[in-house]
Amino acid sequence: MVTLDETFEQFEEEETDVHLGSTLSGRKRLFSKELRCMMYGFGDDQNPYTESVDLLEDLVIEFITEMTHKAMEVGRTGRVQVEDIVFLVRKDSRKYARVKDLLTMNEELKKARKAFDEVKYADGS
Amino acid sequence: MDSIFSRAESAHDKDDGVKCGLESLEVKDDQSLRNEAVGSQDSFSSVKLENDPESSFARSDSDQDQYNDDQDNDNDHDHDQDQDNDETGDTHLNRAASALEDILSNTSSFSKPAASTKSDMKDNSESNDAFHESIMLPKSCSSDKRDKKKEMKSRRELEEEEREKMQVLVSNFTEEQLDRYEMYRRSAFPKAAIKRLMQTITGCSVSQNVVIAMSGIAKVFVGEIVEEALDVMETQGESGPLQPKHLREAIRRLRLKGQIPNGRPRKPMFHF
């Protein structure tokens, strides 16, 4: 079962390397630049191999696709909401902590911006 | 949504919120407080900032680069409409006005007991703190420290310590390490592309928070794979840029641990 997935994935990879068009990963590269910076940040060489970047991009897209599909089944069917994503990563402590941090910070920033804008408004009027 | 994260922590913070909010309420009468009670009950963020407004704001300064680089300003409106449909404009102005008063008058303690509107004081306290911390140097409410439970104190101290340690560490980085650290912090997936991808998959629109969460998780995902691949490369005694074979081995290992979603595991079609 696991090997089936792997060989399928490898097959997809080889096809991309050769044909550059017919598979789903044959679409234009979405994250090439950002992924390069990210790989460097996480410990890779300053110039990562293009094949590595491509492989990672396909992986990320597959990951996002899987998560989205699962999120659509959880909670409100057919829609993706934040709670669904949080539910899906609850077992993975790293990802859960990261989502929690991001959302909390986002709220704080929004509140700060709002308060700041309103003081400016009160000042100006 | 506020139930998911903040309720667990709100129990600790109620007292602090009350005491802190008491300072800023001297200009309010009961009527405006009641308005706030009505308006802000369903607000997403009404109980969000109770825990650690100071420390998390100091932290958010450093993380703000990542946010400001990527965030579109007009997306705020969509999200605000989602969540603020119960709040009136008056509540915001009241809060902002009270925050401004607080700064100008710089009152320290105020002991007026307020019976029924404790939840609103939480709102005031957090908005005041938010206002304080984002505009001026972080200044903790004196009443905050007075009543702090031991648990909160140790958590805040821990965060302080951690931040100090990080500062010492980063200040001792070499040029190359600084460069890599900056890349680590600043790199992120473009929100537009993620949003487009998710909307293509779902067929319906996704909210801003979802995109933020998904980009963050995807970055952690990439990090896990790259770290595992570096381990693999080290085990094999090689060096240089990562090669796809290292990545594939890393993926295989992580899949066994269950960290990579592999879709619905297909039942073996044939029994041998």
Side-chain angles (χ1 to χ4, degrees), chain A residues 1-2 4-6 30-31 34-35 37-45 47-49 51-52 55-56 59-61 63-70 72 78-83 85-86 89 92 94-95 98-100 102-116 118-119 122, chain B residues 1 4-5 45 48-49 56-57 60 63 67 76 92-93 96-97 99-100 127 130-131 134-135 180 183-184 187-190 193 197-198 201-202 204 206 209-210 212-214 216-223 225-227 230 240-244 247 251-252 255 259 261-263 265-266 268:
Chain A
M1 199 167 60
V2 173
L4 243 154
D5 278 349
E6 272 190 339
L30 294 172
F31 306 132
E34 292 88 4
L35 255 184
C37 298
M38 213 179 279
M39 285 173 77
Y40 174 53
F42 279 121
D44 194 7
D45 195 70
N47 296 317
Y49 286 134
E51 292 84 3
S52 308
L55 174 57
L56 263 181
L59 220 69
V60 167
I61 293 185
F63 174 76
I64 295 181
T65 311
E66 283 299 324
M67 292 290 287
T68 312
H69 278 302
K70 281 191 190 167
M72 284 206 288
R79 296 186 57 161
V80 180
Q81 294 177 310
V82 201
E83 296 86 7
I85 299 188
V86 171
V89 294
D92 191 338
R94 244 177 172 177
K95 298 198 179 90
R98 183 65 181 156
V99 175
K100 188 171 160 184
L102 281 174
L103 292 173
T104 317
M105 251 197 310
N106 189 35
E107 285 308 307
E108 291 176 3
L109 282 171
K110 269 175 49 180
K111 282 219 103 179
R113 244 178 264 137
K114 198 169 227 178
F116 180 66
E118 276 170 11
V119 167
Chain B
M1 181 61 188
I4 291 184
F5 290 138
S45 44
K48 239 348 172 175
L49 285 186
S56 32
F57 257 100
S60 77
D63 289 340
Y67 257 77
D76 280 343
H92 287 305
L93 276 176
L100 190 54
S127 71
F131 182 73
S134 65
I135 306 303
R180 199 185 285 270
M183 276 297 130
Y184 164 68
S187 65
F189 287 114
L197 175 63
M198 289 186 77
I201 298 173
T202 62
C204 65
V206 294
N209 267 2
V210 171
I212 290 176
M214 190 57 90
I217 296 179
K219 183 173 174 182
V220 175
F221 179 67
V222 169
I225 296 180
V226 171
E227 282 180 10
L230 286 169
L242 281 175
Q243 297 169 22
L247 287 168
I251 292 166
R252 184 190 72 85
R255 218 184 271 277
Q259 295 212 340
N262 55 352
R266 294 173 185 83

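Proteins come first, then strands; the chains are lettered A, B, ... in the order of their sequence lines, and each starts at number 1. Predicted model, so just to flag it, every value in this text is computed and none were measured.
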Please report the shortest heavy-atom distance between A:Asp45 and B:Pro241, naming the atom on each side. CB-CA, 3.6 Å

Looking only at heavy atoms, which two atoms of A:Cys37 and B:Met183 are closest? And how far apart? CB-SD, 3.5 Å

Which atoms of B:Ile217 are under 4.5 Å from chain A, going by heavy atoms: the side chain, the backbone, both sets, or neither? both

Roughly how far apart are B:Lys219 NZ and A:Glu34 CD, rounded to 0.5 Å? 11.5 Å

Where does A:Val89 contact chain B at under 4.5 Å (heavy atoms): side chain, backbone, both or neither? side chain

Mind telling me whether A:Phe42 and B:Tyr184 have parallel, tilted or perpendicular rings, with 30° and 60° as the class edges? perpendicular

B:Leu242 versus chain A, the contacting section by heavy-atom distance below 4.5 Å: both

Do any N or O atoms from the side chain of A:Thr68 and from the backbone of B:Ile201 form a donor-acceptor pair under 3.5 angstrom? no

At a heavy-atom separation under 4.5 Å, does B:Val226 approach chain A through its side chain, its backbone, both, or neither? side chain

What part of A:Tyr40 is in contact with chain B, defined as an atom under 4.5 angstrom from a non-hydrogen atom: side chain, backbone, both or neither? both

On a heavy-atom basis, which atom in B:Pro244 and which in A:Glu51 lie closest, and how many Å separate them? CG-CB, 3.7 Å

Validation row: A:Glu107, B:Asn209 side chains within 4.5 angstrom (heavy atoms): yes

Greatest number of non-hydrogen atom pairs under 4.5 angstrom with chain B, of A:Arg79, A:Met39, A:Met67, A:Met72, falls to A:Met72

Where does B:Gln243 contact chain A at under 4.5 Å (heavy atoms): side chain, backbone, both or neither? both

How close do B:Gly240 and A:Asp44 get, counting heavy atoms only, and between which atoms? O-OD1, 4.3 Å

Reported CZ-to-CG distance for the pair B:Phe221 and A:Leu59, which is rounded to 0.5 angstrom: 4.5 Å

Nearest heavy atoms of B:Met198 and A:Ile64, plus distance in Å: CG-CG2, 4.0 Å

Separation between CE (B:Met214) and CD1 (A:Ile85), nearest 0.5 Å, reads 4.0 Å

